[in-house]
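Notes follow the structure.
Every chain is numbered from 1, with letters handed out A, B, ... down the list of sequences.
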Protein chains: 2
Amino acid sequence: MGKAVSKKGEQPSVDKTNFETLNEFTGYHLKRATNMMMSDLNATLKPFELRLLSYTALVLIVDNPRIRMSQLAAAMDVERPNMVVIVDALESRELISRQRLETDRRAYALNITLAGRRLYEKATVAVRAHEERLTRQLDAQTRDKVIEAMKLIRKIGELRTHETYN
Amino acid sequence: MGKAVSKKGEQPSVDKTNFETLNEFTGYHLKRATNMMMSDLNATLKPFELRLLSYTALVLIVDNPRIRMSQLAAAMDVERPNMVVIVDALESRELISRQRLETDRRAYALNITLAGRRLYEKATVAVRAHEERLTRQLDAQTRDKVIEAMKLIRKIGELRTHETYN
DNA sequence: AAATATTGGTTATAAATCATAACTAATTAT
DNA sequence: ATAATTAGTTATGATTTATAACCAATATTT
């Protein structure tokens with residue numbers, strides 16, 4: 001049997017687009033779902049005037065008090081000049097503070113402020129809801145499997161190219 | 001018991017960065033692994049002078065002979081003006097051809113050329129190897145589970161925001 | 001200890017990516 | 001016939017990401 005052919009002659013691609021090759025690629029599905037999630041995440045963060053990167057920075061500063069800018073940049077795989085912009089914005093909103101390190105007077109220790117922590121708490125509630133909403137269909141077990149798979153992919157990839165987190 | 005504390009006093013974040021909060025988020029792992037894969041994919045495509053979007057366009061044109069530019073743009077979730085650039089580049093390399101449609105003289109039918117198909121074949125061999133390399137650790141069953149999970153996430157998300165494929 | 005190299009942070013700027021507005025020509029709807 | 005919509009295009013703007021060069025401070029070398 002050949003492939004199904006539409007009755008009305010041959011306008012093969014005017015109706016439904018055929019994704020058969022792309023559908024074979026894991027990377028394609030990953031990219032599509034990730035774009036979806038990131039777009040929804042940014043919408044989720046908008047009310048807090050945060051974005052993927054600024055929220056991620058907040059989280060890492062909460063989890064790593066007195067972290068340095070360069071360590072933060074490395075953790076997020078963001079170029080240092082771009083990190084400056086993110087940190088400036090958070091600091092000018094008084095969500096975080098810069099403190100000169102006594103031990104190394106080149107560097108700053110970044111800390112969350114009270115206002116920063118409050119915003120972090122509220123935003124994180126929203127982010128958890130966003131996560132829950134988008135992964136509701138997955139039972140806990142498949143969710144864990146997915147995460148394990150992602151970790152594996154990352155680990156393998158790290159041996160080759162150098163990933164960035166944008 | 002409190003959290004573990006390093007012996008040598010309190011420089012909590014000078015050594016290893018703590019990702020505990022981020023690690024809870026499925027989206028975080030998805031984004032990281034996807035960035036990894038996309039970076040490796042682009043490296044894979046570089047020898048063919050193709051990129052994610054131009055390769056994707058090639059694939060879709062192969063799978064959808066006589067597809068129109070606007071349909072292609074919609075399929076890839078790329079703005080039409082940006083699609084023009086991609087198609088121009090492919091056409092100027094004579095990998096695809098534009099043909100005026102007799103039935104609708106505004107539109108073009110895009111087709112793969114012989115050279116285009118050859119490049120497509122070679123690039124796809126490389127892409128499959130890249131996929132195989134990065135997902136080798138996953139047994140077929142988990143790989144399928146991951147893909148199903150991605151489809152679910154996308155479906156849920158589509159009810160809310162509108163994803164883009166970049 | 002002096003000279004040199006490296007690091008943390010910064011500025012300026014360039015490159016790359018992505019989105020919007022406005023237009024022509026052709027088609028479809030009123 | 002007129003109006004509205006669609007396909008493709010151009011020009012351009014906004015956003016995002018990367019690069020080069022610099023200062024001050026620290027670390028390394030000799």
Side-chain angles (χ1 to χ4, degrees), chain A residues 11 13-14 17 31 35 38-39 41-42 45-46 49-57 61 66-92 96-110 161-166, chain B residues 11 13-14 17 31 35 38-39 41-42 45-46 49-57 61 66-92 96-110 161-166:
Chain A
Q11 251 115 330
S13 57
V14 132
T17 305
K31 180 92 170 95
N35 282 351
M38 292 307 105
S39 150
L41 175 64
N42 276 317
L45 291 173
K46 189 159 231 164
E49 291 178 83
L50 291 171
R51 308 260 289 290
L52 171 61
L53 292 182
S54 50
Y55 175 70
T56 305
I61 292 168
R66 297 179 58 74
I67 193 174
R68 293 136 158 263
M69 278 187 57
S70 53
Q71 192 183 346
L72 184 57
M76 291 173 63
D77 279 310
V78 159
E79 295 300 324
R80 265 132 55 219
N82 298 328
M83 194 76 251
V84 173
V85 178
I86 296 167
V87 166
D88 278 355
L90 291 175
E91 191 194 28
S92 75
I96 65 172
S97 69
R98 274 189 248 236
Q99 275 182 318
R100 276 283 176 209
L101 281 187
E102 330 67 45
T103 58
D104 183 344
R105 291 180 32 244
R106 291 169 300 184
Y108 289 112
L110 302 181
T161 45
H162 55 297
E163 161 213 15
T164 54
Y165 175 49
N166 298 321
Chain B
Q11 251 115 325
S13 55
V14 133
T17 305
K31 180 92 170 94
N35 282 353
M38 292 307 105
S39 151
L41 174 64
N42 276 317
L45 291 173
K46 189 160 229 164
E49 290 178 83
L50 291 171
R51 306 260 291 291
L52 171 61
L53 291 183
S54 48
Y55 174 70
T56 306
I61 292 168
R66 298 179 58 72
I67 193 174
R68 293 135 158 265
M69 281 187 54
S70 53
Q71 193 184 345
L72 184 57
M76 292 172 62
D77 279 311
V78 159
E79 295 300 324
R80 265 132 54 219
N82 298 328
M83 194 74 253
V84 173
V85 178
I86 296 167
V87 166
D88 278 355
L90 293 174
E91 191 195 26
S92 75
I96 64 172
S97 69
R98 276 189 246 235
Q99 275 182 318
R100 278 284 177 207
L101 282 187
E102 331 67 44
T103 56
D104 182 344
R105 294 182 28 246
R106 293 169 300 184
Y108 290 111
L110 302 181
T161 44
H162 55 296
E163 161 213 15
T164 53
Y165 176 51
N166 296 320

Subject >> A/Asn42 CG to D/dT15 C1', straight-line distance once rounded to whole Å >> reply: 12 Å

Subject >> With sequence neighbours excluded, residues passing side chain to side chain donor-acceptor pair (under 3.5 Å) with A/Asp104 >> reply: A/Arg106

Subject >> Heavy-atom pair of closest approach, residues A/Leu52 and A/Leu41 >> reply: CD1-CD2, 3.8 Å

**OP:** Let me know the distance between CE of A/Met76 and P of D/dA18, rounded to the nearest Å.
**Re:** 12 Å

Original post:
To the nearest angstrom, how far is B/Arg66 atom CZ from D/dA7 atom C1'?
Top reply: 15 Å

**OP:** Produce a footprint string for nucleotides 6-12 of chain C: one letter per nucleotide, 5' end first; B if the base is under 4.0 Å from any protein heavy atom, S if only the sugar-phosphate is, - if neither.
**Re:** -BSSBBB

**OP:** List for me each residue that meets side-chain contact (heavy atoms from CB on, under 4.5 Å) alongside B/Ala73, sequence neighbours excluded, and say none if there are none.
**Re:** B/Arg80, B/Met83

Original post:
Of the non-hydrogen atoms in B/Arg68 and B/Ala107, which two are nearest, and what is the gap between them?
Top reply: NH1-CB, 3.7 Å

Original post:
What residues form a side-chain contact (heavy atoms from CB on, under 4.5 Å) with B/Arg98, not counting sequence neighbours?
Top reply: B/Met69, B/Val87, B/Asp88, B/Glu91, B/Tyr108, B/Leu110

**OP:** For A/Asn42 and A/Lys46, test the side chains for any donor-to-acceptor distance below 3.5 angstrom and give the result as yes or no.
**Re:** no

Subject >> Interatomic distance where CE belongs to A/Met83 and P belongs to D/dT17 [whole Å] >> reply: 12 Å

Subject >> Atom-pair distance (CD on A/Glu79; C1' on C/dT13), nearest Å >> reply: 15 Å

Original post:
Between B/Leu110 (CG) and D/dG8 (C1'), how many Å, whole number?
Top reply: 11 Å

